[in-house]
Amino acid sequence: MMQDSFFSPDQGQDQAPHKQAKIVPVLVPLPSERPYSYLVPDGMSVQPGSVVRVPLGPRLVPGIVVDGEVDKVDPKKLKSIAEVFDCPLIHPDIIKFMLWAADYTLSPPGMVARMILRVPTAFDPEPPIAGLRYTGGEPERLTSPRARVLEHAGNGLAWTRTGLAHVAGVSATVIDGLKAQGLFEDVFIPAPPVVAPPDTNFARASLSEDQRDAADRLVEAVDAKRFSVSLIDGVTGSGKTEVYFEAVARALEQGRQVLILLPEIALTQQFLDRFHDRFGSKPAEWHSDLAPRSRERVWRQVAEGTVKIVAGARSALFLPFQDLGLIVVDEEHDPAYKQEDRVFYNARDMAVVRGHIGGFPVVLASATPSIESQVNADQGRYTRIKLYSRYADAALPTLKTIDMRRSPPPPGRFLSPALTEVMGKTIERGEQALLFLNRRGYAPLTLCRVCGHRFQCPSCSSWLVEHRFRGQLMCHQCGYHEPVPEACPECGTLDHLVACGPGVERIAEEAEALFPKARIIVLSSDMAGGVKRLRLELEAISKGEADIVIGTQLVAKGHNFPNMTLVGVVDADLGLANGDPRAAERTFQLLNQVTGRAGRTGKKSLGLLQTYQPDHPVMQAIISGDADAFYEREIEDRERNSLPPFGRLASLIISGENRVEAENHARALRRAAPHSSELSVMGPAEAPLAFVRGRYRYRLLIHGSKRADIQAYMRALLERAPKIKGNLRVQVDIDPQSFL
DNA sequence: AGCACGCCGACT
DNA sequence: GTCGGCGTGCTC
């Protein structure tokens with residue numbers, strides 16, 4: 001009984017003239033494998049889940065009190081907890097989840113705790129606002145400003161001084177005068193909720209039969225109040241959102257909290273509007289772009305249980321819910337659910353685990369499910385719910401390939417006449433066309449016509465991409481850039497540099513030449529003005545303020561353009577050629593999503609794919625609308641090659657300050673790798689080099705069949721090569737279901 | 001992950 | 001002579 005770490009102040013019946021000092025384990029935001037031990041001062045009461053402030057080195061940091069044994073630490077080192085925050089306890093399920101996630105991702109638990117605690121000042125209650133309330137009585141002289149004040153405040157509700165002055169159209173001194181006469185009293189207005197509570201009956205959706213069945217099954221899952229995973233698989237526009245909203249409504253009716261996960265870019269005004277249309281209020285938002293103030297309030301109110309519904313990016317998974325009853329993962333196949341820094345995790349898989357720990361249902365939704373989820377559904381671990389028809393007036397666009405060998409663009413151009421002809425007609429009708437090309441900049445390769453010199457990045461050897469708008473040659477791997485030179489650095493010839501291949505800027509140039517009167521918008525992630533500007537541009541397009549939109553993959557997600565009746569994919573083959581085992585799957589998902597941007601209004605719409613391989617299974621699956629054969633093939637392929645979810649378990653991400661250092665680390669890692677017939681580590685030469693957050697890194701693959709093997713292997717590796725420890729991360733790349 | 005301590009180059 | 005670069009090492 002004593003060894004368990006539930007500590008509270010002595011309740012009198014405690015014996016002890018010299019009672020033992022209480023020590024508790026506290027997880028602090030630090031990459032340590034174990035919690036640190038802290039003294040609990042007299043009179044302080046903490047228990048597992050308490051959020052505390054503790055001294056750590058020279059600073060004070062937040063921490064979470066956890067369960068379990070404390071380490072034996074040199075008593076001289078022990079410090080006392082500085083403060084217990086006036087904050088609800090972190091739910092035991094979340095602590096369990098945190099420890100599970102740390103173990104699964106092979107990250108220090110403190111780093112997972114850090115993700116939960118990454119809200120600097122939300123741990124104390126939001127201070128109430130000073131306000132005034134009318135207490136009755138008449139002013140000495142009822143002037144017209146005074147009358148106007150009483151008109152507003154007469155009902156006895158609390159007002160802020162400035163707020164009341166503003167609505168009454170008087171200066172604040174008028175209110176001071178009335179207060180001096182004793183007509184107002186000071187009150188404290190509690191901090192307002194960050195969002196209004198949802199009304200599950202606000203606008204019950206009218207669903208098709210198909211949708212009704214699907215919704216009923218999800219509602220059943222919610223009613224069962226136990227863990228389950230449902231995979232809703234339905235074509236773009238089949239109304240998946242309306243269907244899972246019914247499950248959301250039921251969980252809310254049960255009084256429980258709900259989390260809807262979305263890929264960051266899909267968290268648009270449009271999603272929030274749809275939610276509002278159904279529930280009469282907005283969900284609380286959670287994403288990296290959130291203002292710090294709102295962030296704190298959302299965190300706090302989620303912890304208090306007052307916020308019932310959160311729509312958030314992957315990090316919302318680590319919010320301190322009190323009574324979570326449902327998670328929906330929309331666009332579950334989206335690679336943006338993978339976090340690839342600090343703690344490496346896939347939010348979709350973690351959501352499944354969170355549901356398992358919390359004993360509640362998880363809903364995965366996608367028009368193009370991941371192979372992993374398909375296999376889980378095939379094998380009966382997930383329930384598959386299929387939506388076949390497109391909803392209401394939304395018709396699927398007609399999809400066709402343009403065979404670039406038979407209908408080639410003019411020399412030096414990239415748009416086939418077969419595409420530009422339709423573009424012209426579309427614009428003439430006053431409708432919008434979208435050109436999709438997943439390549440930023442003007443041209444992916446620049447070379448000298450005279451000597452053949454190719455511009456290459458000095459630090460990572462990938463081609464430099466010309467950005468004509470900025471006048472720079474840029475490396476998309478590492479961020480290196482230089483001005484576009486006038487002369488070839490190799491042979492010195494002037495004005496003979498030639499751009500090879502298209503990027504969105506070059507396509508925009510071509511479209512401008514073809515349609516000089518059209519209003520053209522280029523959208524790519526490197527656009528000046530950042531996410532805010534991007535959101536504004538997307539809104540503008542929805543309102544019809546552009547004729548032609550040219551964009552990289554960020555146009556594929558989340559946003560619906562009601563007047564978009566043509567989608568042209570400039571290079572549908574792009575992405576099929578690289579060595580990524582998921583290339584076909586990704587291309588299929590991306591093309592599906594981008595062509596789905598057309599035809600949301602019932603107008604006749606068209607998707608055209610420029611390709612040199614019209615017979616490729618991906619193209620066939622897209623234009624026939626029949627994905628089953630494609631999935632079957634991909635699943636067989638995965639199984640044959642022992643790829644996830646059948647085989648390969650993990651990638652090691654090894655990094656360094658520069659390319660040479662990253663390479664050295666990778667080699668050291670390989671040397672240290674224990675011999676094992678079950679497992680092998682790829683060498684740096686076979687691995688792609690990437691530049692992320694200021695560091696170069698290789699992704700090395702470990703092949704194997706059992707997770708326990710991987711873990712033992714990793715531990716052995718780290719013991720043998722302690723020097724590389726800080727540069728090594730593991731991405732576990734398999735569905736968690738088999739480990740639950 | 002922070003942050004301090006600590007030891008070598010260009011400046012008020 | 002100091003300010004400041006970031007290398008190393010520690011935090012209950």
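Proteins get letters first, then strands, A, B, ... in listed order; numbering begins at 1 in each. Computed from a prediction, not measured in an experiment: that's the story for all the values here.
Listed pair A:Arg118 / B:dA1 fails the phosphate criterion, with no side-chain N or O lying under 4.0 Å from OP1 or OP2.
With sequence neighbours excluded, no residue forms a salt bridge (Lys or Arg N to Asp or Glu O under 4.0 Å) with A:Arg118. Looking at residues two or more places apart in sequence or on another chain, you find a salt bridge (Lys or Arg N to Asp or Glu O under 4.0 Å) between A:Asp71 and A:Arg34. Every residue meeting the salt bridge (Lys or Arg N to Asp or Glu O under 4.0 Å) condition with A:Glu296, not counting sequence neighbours, appears here in chain and number order: A:Arg293. Residues forming a salt bridge (Lys or Arg N to Asp or Glu O under 4.0 Å) with A:Arg114 (at least two apart in sequence, or on another chain): none.
Within 4.0 Å (heavy atoms only), A:Arg34 reaches no atom of the nucleic acid at all.
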Heteroatom pairs (N/O) under 3.5 angstrom, protein to nucleotides 4-7 of chain B:
none

Sub-3.5 Å pairs of nitrogen or oxygen atoms, protein against nucleotides 9-12 of chain C:
| from | atom 1 | to | atom 2 | distance (Å) |
| --- | --- | --- | --- | --- |
| C:dT11 | O3' | A:Gly57 | N | 2.9 |
| C:dC12 | OP1 | A:Pro55 | O | 3.1 |
| C:dC12 | OP1 | A:Gly57 | N | 3.4 |
| C:dC12 | OP2 | A:Lys79 | NZ | 2.5 |
| C:dC12 | O3' | A:Ser37 | O | 2.8 |
| C:dC12 | O3' | A:Lys79 | N | 2.8 |
| C:dC12 | O2 | A:Ser37 | N | 2.6 |

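A:Ile116 places its CD1 atom 16 Å from the C1' atom of B:dA1, with the value rounded to the nearest Å.
Counting only residues at least two apart or on different chains, the side-chain hydrogen bond (donor to acceptor under 3.5 Å, both in side chains) pairs with a member in residues 81-95 of chain A are A:Arg53-A:Glu83. Among pairs with a residue in residues 313-326 of chain A, those fulfilling side-chain hydrogen bond (donor to acceptor under 3.5 Å, both in side chains) read A:Arg256-A:Asp323, A:Trp286-A:Ser315, at least two apart in sequence or across chains. Within the structure, the ring pair (Phe, Tyr, Trp, His ring centres under 6.0 Å) test picks out no pair touching residues 36-55 of chain A (sequence neighbours left out).
Aromatic ring centres of A:His476 and A:His481: separated by at least 6.0 Å.
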